[in-house]
Amino acid sequence: MTPRPLLSVEELRTYFRTSAGVARAVDGVSFSIAANESVGVVGESGCGKSVTSLSLLRLIQRPGTIEPGSKIELEGTDLLSLDDESMRRIRGNRIAMIFQEPMTALNPVFTIGAQLAEVPRVHEHITRRDAWARAVEMLGTVGIPDPAERAHSYPHQLSGGMRQRVMIGMALMLSPALLIADEPTTALDVTIQAQILELLAELRARTAMSVLLITHDLGVVAESTSRVIVMYAGEIVEQAGVRELFAQPHHPYTEGLMAAMPRAGTKRERLTVIPGAVPSPYEWPSGCRFHERCPYAWERCEREHPPLYEIGVGHVSRCHLAVEPERRATPHLPLAARAGAGA
Amino acid sequence: MRRLLAGRLLQGLAVLWVVATLTFVLLHIAPGDPYSYQGDRRVAPEVVAHWRHVYCLDRPLAAQYACYLGSLARGDLGFSISQSRPVREILVDYVPRTLELMSLGLILSFAVGIALGVLEARHRGTFADWGSRGIALFFYSMPDFWLALMLALVFAYWLPIFPISGIENVIAAPTYSGWQRLADHLRHLVLPVTALVLMTCAAIARFQRAAMLDVIRLEFVVAARAKGVSESAITRHHVLRNALLPIITLAGLMLPMLLGGAVLVELVFSWPGMGFITAMAVGSRDYALVTSSVLVTSALVVAGTIAADLLYALADPRVRAK
């Protein structure tokens, strides 16, 4: 028997009911994360990856709601049945989150020391002085030079990389079991990106926490996760170990993402793009949600919504190619490209 | 910080100089001078000649201007014809009363306005939000003098709860003990201050509500929730602190409005302050008094704006650093 995972998500549905209709931003997502595991979630913007991460913390604001039937379990606790106060005690404590743009995610009018010290102050009975001391210590841990001095700085006085270090420190103040990192390196220079990913890996190794890394960048996923979830149109379309996924991507969407990724060592005239755009969450396409943009789609794909087929050990793919693999031999121009050419 | 203060003070002086010059020019566009008024024959020509000489009115325009600025710089604001005493003495009597009314009005209308704005933003879209905004807008859109008159009518005449005019009970006050006298004075303050608050707090509430809603959308609010900060602490701490910044600027801008309102309120409630005395001075063509109160009013506005700038710099670390 496998040990109970740290986090298990089953049939998560997060819908936004607006006057324009119901946007099914996250539409039946199931996955789990083991202790000390690092899992990546990739997909284009609009695929539902950020809404998924906010749903885990129950931070979805009106008019969004997590639909009945969804289940989020952390360390055996059903998060969706908790009252607001109990949920508040989990945030920043058992599950913490870091954001894409540390400049906007930090409050401009408070010192970084105060913002770090706030975390233990809202969760524990602790004096102002002790909280401050822990904030300074954490700033040192995340590699801020001269932390006692720097704790008195305001966010605008730090560089982008330093700010993201502060965000990470803020998230790790209470040693959470799970860290959700939503595009943590997207806003940073490439050299700084590597430093931040290295810091995250180092901290994960030291603290036994799990990391859910949300990104659109497959390169980031390859470097720092062991398992990858590919999301498209509010659903998981493929999930596999990181090596397996890069060696043998199954879903045409994953293939497309990889073809769109620049690769060192190979010379190509231009990067391939996936034709068309992510469809609207108000009206997902029938059948397979990717069929309009897929080079292999046939009539079954328009008609029948594919389940997650088991491809290999721990490898699933939401594509009918799993049962009709011979169709991969005959790619054609996708529907979206044809419509695009006609316009 | 010190450079900011020095810069603002210099700007303020420049503004005051412009105001002084403008009033000088305006007065001299009008034909004649304060002593050419022929209505009152009781003033002997020698007396008129004496005052003309004292205020340099018997010299060329440029010399008059220099003389005028010189006496302003010395603090000599001239002599009030209608009250027969130096303008400076009059201002010393009347300005503090206006300051009392204004500062109470300012503090209370900001306290009420900010509280309303925060509550409206916190409960946005609810009945309480709509109701509060509707009522505030009603008072805001009513003419100021009508509002003051209605307050007097309802709470002093129909329901004689509060005194209708003045700053104290002139007949009984001399017999009061210190505390009784203070209580009596406070009772006289209620209606004028209420009028000022009703006139201005709706605008403040609207600004505060909008500022709160602007800040609530920002990512650090989501980040604070993700840290486990409670919703009420987020409003009080993270959102309000940021949303107060534009309100500080508003306070500087509201000062002239409030001063304008104070003139009306002082007239309606016979509050013997600057507004009251200025209105009287206009009626009796007391030019020295009118120009001086214009100058004092602009000085108050300038001082308020400087105070707002300094407060802003204190409240916003991003400005403080520059």
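Just so it is clear: chains get the letters A, B, ... in the order the sequence lines come, proteins before strands, and each one is counted from 1. As a basis for the values below, the full set of heavy atoms in this structure was taken, side chains included, without hydrogen atoms, waters or symmetry mates.
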**Atom of A:Pro108, atom of B:Pro317 and distance for their closest heavy-atom approach** = O-CG, 3.3 Å
**Prompt:** At a heavy-atom separation under 4.5 Å, does B:Ala315 approach chain A through its side chain, its backbone, both, or neither?
**Reply:** backbone
**Message:** Under a 4.5 Å cutoff for heavy-atom pairs, which residue among A:Arg58, A:Arg88, A:Gln100 has the most contacts with chain B?
**Reply:** A:Arg88
**Request:** Would you mind telling me which of A:Met97, A:Arg89, A:Gln115 has the largest number of heavy-atom pairs within less than 4.5 Å of chain B?
**Result:** A:Gln115
**Asked** Within a reach of under 6.0 Å around CD of A:Glu149, are more than 12 heavy atoms found that belong to other residues, nucleotides or ligands?
**Response** no
**Prompt:** Using the ring of each side chain (for Trp, its six-membered ring), is A:Phe110 parallel, tilted or perpendicular to B:His237, with breaks at 30° and 60°?
**Reply:** parallel
**Message:** Given heavy-atom pairs under 4.5 angstrom as the criterion, report whether the side chain, backbone, both or neither of A:Leu106 touches chain B.
**Reply:** backbone
**Item:** Approximate separation, where rounding is to 0.5 Å, of B:Arg124 CZ and A:Arg62 CZ
**Value:** 5.5 Å
**Request:** For each of A:Met173, A:Met167, A:Gln61, tally heavy-atom pairs with chain B at distances under 4.5 Å, and name the one with the top tally.
**Result:** A:Gln61
**Message:** Minimum heavy-atom separation for A:His123 and B:Lys227, please, with both atom names.
**Reply:** NE2-O, 2.8 Å
**Fill in**
Here the pair of heavy atoms bringing A:Leu59 nearest to B:Val222 is CD1-O, 4.1 Å
**Prompt:** Roughly how far, to the nearest 0.5 Å, is the CZ atom of B:Phe220 from the CE atom of A:Met103?
**Reply:** 10.0 Å
**Message:** With a sphere of 6.0 Å drawn around CZ of B:Phe207, does it hold more than 12 non-hydrogen atoms of other residues, nucleotides or ligands?
**Reply:** no
**Message:** Please classify the contact of A:Ile95 with chain B as side chain, backbone, both or neither, using a heavy-atom distance under 4.5 Å.
**Reply:** backbone
